[in-house]
J.: 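Quick one: structure below, then a few questions.
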Protein chains: 4
Amino acid sequence: MIKVGIIGATGYAGNELVRLLMNHPETELIWYGSKSYEGKKYADVYRNMFEITDDLCSGDDLEKLSQEADVVFTATPQGFLAGILTDSVLEKTKIIDLSADFRLKDVKTYEEWYKIEHKRPDLISKAVYGLCEINRHLIDDSVRLVANPGCYTTTSILALYPVVKDGIIDADSIIIDAKSGTSGAGRSAKTDNLFCEVNESIKPYGVGTHRHIPEIEEQLGYAKGDKIRLVFTPHLVPMERGILVTAYADLNDDISESSVRECYSRYYDNEKFVRLLDPGVFPQTRFTKCSNYVDINFRIEPRTNRLIVMATLDNLIKGAAGQAVQNMNLLFGLPESTGLEMVPVIM
Amino acid sequence: MIKVGIIGATGYAGNELVRLLMNHPETELIWYGSKSYEGKKYADVYRNMFEITDDLCSGDDLEKLSQEADVVFTATPQGFLAGILTDSVLEKTKIIDLSADFRLKDVKTYEEWYKIEHKRPDLISKAVYGLCEINRHLIDDSVRLVANPGCYTTTSILALYPVVKDGIIDADSIIIDAKSGTSGAGRSAKTDNLFCEVNESIKPYGVGTHRHIPEIEEQLGYAKGDKIRLVFTPHLVPMERGILVTAYADLNDDISESSVRECYSRYYDNEKFVRLLDPGVFPQTRFTKCSNYVDINFRIEPRTNRLIVMATLDNLIKGAAGQAVQNMNLLFGLPESTGLEMVPVIM
Amino acid sequence: MIKVGIIGATGYAGNELVRLLMNHPETELIWYGSKSYEGKKYADVYRNMFEITDDLCSGDDLEKLSQEADVVFTATPQGFLAGILTDSVLEKTKIIDLSADFRLKDVKTYEEWYKIEHKRPDLISKAVYGLCEINRHLIDDSVRLVANPGCYTTTSILALYPVVKDGIIDADSIIIDAKSGTSGAGRSAKTDNLFCEVNESIKPYGVGTHRHIPEIEEQLGYAKGDKIRLVFTPHLVPMERGILVTAYADLNDDISESSVRECYSRYYDNEKFVRLLDPGVFPQTRFTKCSNYVDINFRIEPRTNRLIVMATLDNLIKGAAGQAVQNMNLLFGLPESTGLEMVPVIM
Amino acid sequence: MIKVGIIGATGYAGNELVRLLMNHPETELIWYGSKSYEGKKYADVYRNMFEITDDLCSGDDLEKLSQEADVVFTATPQGFLAGILTDSVLEKTKIIDLSADFRLKDVKTYEEWYKIEHKRPDLISKAVYGLCEINRHLIDDSVRLVANPGCYTTTSILALYPVVKDGIIDADSIIIDAKSGTSGAGRSAKTDNLFCEVNESIKPYGVGTHRHIPEIEEQLGYAKGDKIRLVFTPHLVPMERGILVTAYADLNDDISESSVRECYSRYYDNEKFVRLLDPGVFPQTRFTKCSNYVDINFRIEPRTNRLIVMATLDNLIKGAAGQAVQNMNLLFGLPESTGLEMVPVIM
């Protein structure tokens, strides 16, 4: 059994990690790290866990945890992991980081967008960007540090990667209009996230300034082989889970729907967790809910020769905890879908 | 592998049955019965199933199905099963019926509340009322027909059974105020169930006339050893899943909280799927969501010497599909929780 | 024009007061009191008010405000008004208090249930309990202090007053099962009130301990002419506005539906804001939304001879701001429904 | 008093029309047309109206109605009005049509997008497109037929009109990503609009094929003075009311935020119902809810030199019934905002 610890186990992504790891046949969860609730029963924080675990919340002593765990998931605020990570820790355990600390290869970009100094820029190069469908070949037993992609990022990159990589669209014309459920905003007590402020309303936020922008640009830039600039607008939707990305781009040439479909098929037909929907069927967030699937489809708008790509996933699973487990499976040589074969729950 | 067929696979309870059976290690689902969608791909009706099953919907030929399946789940309208069930079918297969056709032992009561003639009253005595926690000893290999309890019923009976059985409350003083999510109303296209009619509103319905009343009275009557009459008021809540029952009754004597707790503990401490919550912690539907758990707690109102009992469950799982699978496990001698060990999903 | 000030203008009830007073033909709103936002534009706190008012939030200096306003609404935390109210203030202005400070006539009961010392018990006797339909005769030009009833209280008392007053039910058998939207929990940033904690769930809370209990008991006690004890259980519903009360009581005698209806008719047929629904039509919160109406209906459960009464209202209007304006109208000799003739908004 | 009739009074837009007209000081509502509910009490269909109106639903006899009413609102399915409208009717009454029958000036475009033959193409030229802020000068006493714009259309056109008209953006680069509440889908009983299908999910629909596309293109084409082609993608959001449009376009030149703001100010500063928000404040649907306002703001994405414009409104008010009343006010020479001065309701 793989011994697993979590730092940040009482956030929403942390809670999903706990739930997934409880169902995972090859892991033993030994550390429910939560600074705010240290010493309290985990099941008293999340009462769905009543009679399922009696374990107490531990603190955030990564050094100690690294001596006990084979792998540590950090679902912590930006800057936290970079502030405490040491070579010694990485020698003793593997880290799968759900924060943004090691996602961006360019430390200047990180500091510019996140407005914090990066404490361990030297470790960035050791981290693998854990978007499994793209970087699977880089994620194996030898890796010590995985930067688990963000939720908006995973949706956006998987939606566009094939057509950027194959040069079907003009990558500099990309516009991503993204819609997210409220769990993406986390569990901290903010007026803006109260039921009465969120329900029965939709709003854009972080317009042109959201921190996932450079992450999407960097990764799609690798696909293109050149720097790109795109527009990304996130919106808050009155629902708990789910992300929908609607992306727009200019087609480089006159190209048929079937050629575009052939391109997506080539990349995704063998991907268990990416489902290219049938022609004319558009993704709905509820059909990926509580699962690790990404649903994708597209349409060519013939009057303007633009491509419209739509993709959905569950922001807490494939956009966070599920992808983290997928990365863990790769790190430990397990079948990639171990513990992740959940059928989506439509409601 | 147990060969399983479903008639009524495209309703909400049917869809949950499909999902649970897909995750069940001992079953093979061979028949997705749906008269309305016969011949259509099941995954085209429920797109969460895309790339998970390619099977087509079958019809409702129970005779034919009984030759192929070891067990058949019927999630069909009232009167349907009683209208087609034959001795020959019951010789060839087992039936777990999610409708009300064989729940009430008194055929007159059935006909009075359901306003339909019962076509096979002779089979009623062969059916076992499949409330596993109460009737487990009756559900075994020899049983051919299980009447799977309703959702309101399961919640109400499990909430009150111990204190009725032990004579702690006056069973004729019981008032059950029940609140249900909207999936309980089914998937048929009715104006009353449109998003804009249900959302942001709560309403009582079927006040004093709901068909689950005689079922609760009959079963709690067995506990008491005498006929009882109670008040039951269901309400529709703007949420998808979940039932909360708040029940009130007069205490027969002055009795302490700890004595009542001791009573509940005696009945439920060994029940995997019934969780008696810690003192002062009240059930919330979201902590049982997507699981087979029932959460129960109570409080004595000392100023009026009344008992308030609260219970929650997921109406589609423990209130329908989950309990049906639990019954199947008992019928086939499997560990009762096989395929039902889902950790509740809080959102 | 009546000069009006509000202390607590940035809570949800305060915001509704502002909105109602803006539509009121006889008032001028001169003071948007909000300690937390003092000096900030009101429309920057509530952006629905953009280009409608440019006024800034004022503080909570009641002494100063009393010199400028003809009437002051206080939508403030428990204990606040009792802590600052003086005879001098009451000489200069009238106060309509939306908090509980002057609702209970028995100061001991107040201190026991609210766990705070009452700073001005001497003023309690000067306050009129402003449930207009019951106490209209007491609310006139001479009154300086109105205790505006709570939301659960208004619903519960209006639902039961006629049948208690006329001795139709046994008042000591009353059980009130109440369901409220989330705006009743206020606008403060608490984890429990986050969208992801409230949505898709229903829960009981304050079981047997909610502070509206003694208020309901006191007022219904006046109706009966004797002290009563009742059971009251509030529940939080995943919606923004609305309260539904389902109340149960033993009928004192065999009595027909038409006799009970005659009783309700006698009390309410001339009440503009109380609508006794047609037989067989049960209240839904959405049909009173954004209005000052209370919808009531009942059913006799013949098998147990119990009365089931159901009532709904908008907790922010008739349960708070609307009723406060109704009281103001009475205090200033205006037609009672001035500024309150809103047609309910169904969605 | 203006005598008003409605055909289609029991749809959601019809119900809002009824509610607005009840609050309107200059109108008398004499005809609640509803073929499905003819002869039934209107308040039995919409119980919010109980004790507010006792009127019965009338049928859809436009000829008869035209003899009694000064103005008729038709909130009817596509093709209905064009199928029954006669010159004689238009001589006797004015028509404000909330359907699409007379919105498009090019009958071929109408027939192509709506897939129905237009029965009275000769009347199209008599209809004024009633987007009041743009076409106010055309809407006066002499007009007999107003084509009331669609909800998506109103939002989209008002969002983009100034920058298209002034040549600030390249109109052929426009991409409109629109999000709508579910009331826009109407009140007919369809499985797709059930609570359990809509709640907790977001989905695109009609991608590249939605019928509002030619309407937006035609009107913005007039602004540009040339035909344009744009991309429009609608999405269904799990809420009842509200539309948010997020629009993207290439800026024609390097232009500063303040210059763009100056452009919008020029068009909208004197418009009561269009609110250009403060810099950095983005629209949220809830701040226009239950009002006739449109909230607009924009941001220049400097890295790609694109303009992002965001606009919200209440689809049932400014997107349907409110705008229809605004048109009526213009037709009858009343102040344009009569009966429309509702303060938005935030929840």
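Note on naming: letters A, B, ... go to the chains in the order of the sequence lines (proteins, then strands), and numbering restarts at 1 for each one.
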J.: Taking atom CD of B:E271 and atom CD1 of B:I134, what is their separation to the nearest 0.5 Å?
T.: 8.0 Å
J.: Are side-chain heavy atoms of B:R19 and B:I317 found at a separation under 4.5 Å?
T.: yes
J.: Between A:F73 and A:W31, is any pair of side-chain heavy atoms under 4.5 Å apart?
T.: no
J.: Rounded to the nearest 0.5 Å, what separation is found between the CD atom of A:E28 and the NZ atom of A:K3?
T.: 6.0 Å
J.: Side-chain contact, heavy-atom cut-off 4.5 Å: A:Y32 with A:T53?
T.: yes
J.: Among B:R275, B:R241, B:Q284, B:M22, which residue forms the greatest number of heavy-atom pairs with chain A at distances under 4.5 Å?
T.: B:R275
J.: If we define contacts as heavy-atom pairs under 4.5 Å, which of B:R47, B:E51, B:M49 has the most with chain A?
T.: B:R47
J.: I'd like to know which of A:L277, A:T288, A:D295 tops the heavy-atom pair count under 4.5 Å against chain B.
T.: A:L277
J.: Checking B:V18 against chain A: side chain, backbone, both or neither under 4.5 Å from a heavy atom?
T.: neither
J.: Select, from B:E240, B:K289, B:R286, the one with the greatest count of heavy-atom pairs under 4.5 Å involving chain A.
T.: B:E240
J.: Which of residues 337-347 of chain A have a heavy atom under 4.5 Å from any heavy atom of chain B?
T.: A:E341, A:V343, A:P344, A:V345, A:I346, A:M347
J.: Decide yes or no for A:Y42 and A:N15: does some side-chain heavy atom of the first lie under 4.5 Å from some side-chain heavy atom of the second?
T.: yes
J.: Non-hydrogen contacts under 4.5 angstrom with chain B: give the residues of residues 178-199 of chain A involved, or none if there are none.
T.: A:S183, A:F195, A:N199
J.: Check the orientation of A:Y264 and A:F298. Use parallel for under 30°, tilted for 30 to 60°, and perpendicular for over 60°.
T.: parallel
J.: I'd like to check A:Q323 versus A:L131 (side-chain heavy atoms, cut-off strictly below 4.5 Å). Are they in contact?
T.: yes
J.: Using the side-chain contact (heavy atoms from CB on, under 4.5 Å) rule, take A:T155 and A:N315 through it: C-alpha gap first, then chi angles, then the decisive distance, then the call.
T.: CA-CA 9 Å; A:T155 330; A:N315 59 306; over 6 Å; no
J.: Over 60° means perpendicular and under 30° means parallel, so classify the ring planes of B:Y161 and B:Y267, tilted if in between.
T.: perpendicular
J.: Is there a side-chain contact between B:L17 and B:L98 (heavy atoms, below 4.5 Å)?
T.: yes
J.: Using a 4.5 angstrom heavy-atom cutoff, name the option from B:D278, B:L316, B:D44 with the most pairs to chain A.
T.: B:D278
J.: Side chain, backbone, both or neither: which part of B:L276 has an atom under 4.5 Å from a heavy atom of chain A?
T.: backbone
J.: Return the CG to OG1 distance between B:D314 and B:T154, rounded to the nearest 0.5 Å.
T.: 11.5 Å
J.: In terms of the angle between their ring planes, are A:F273 and A:Y293 parallel, tilted or perpendicular, with boundaries placed at 30° and 60°?
T.: perpendicular
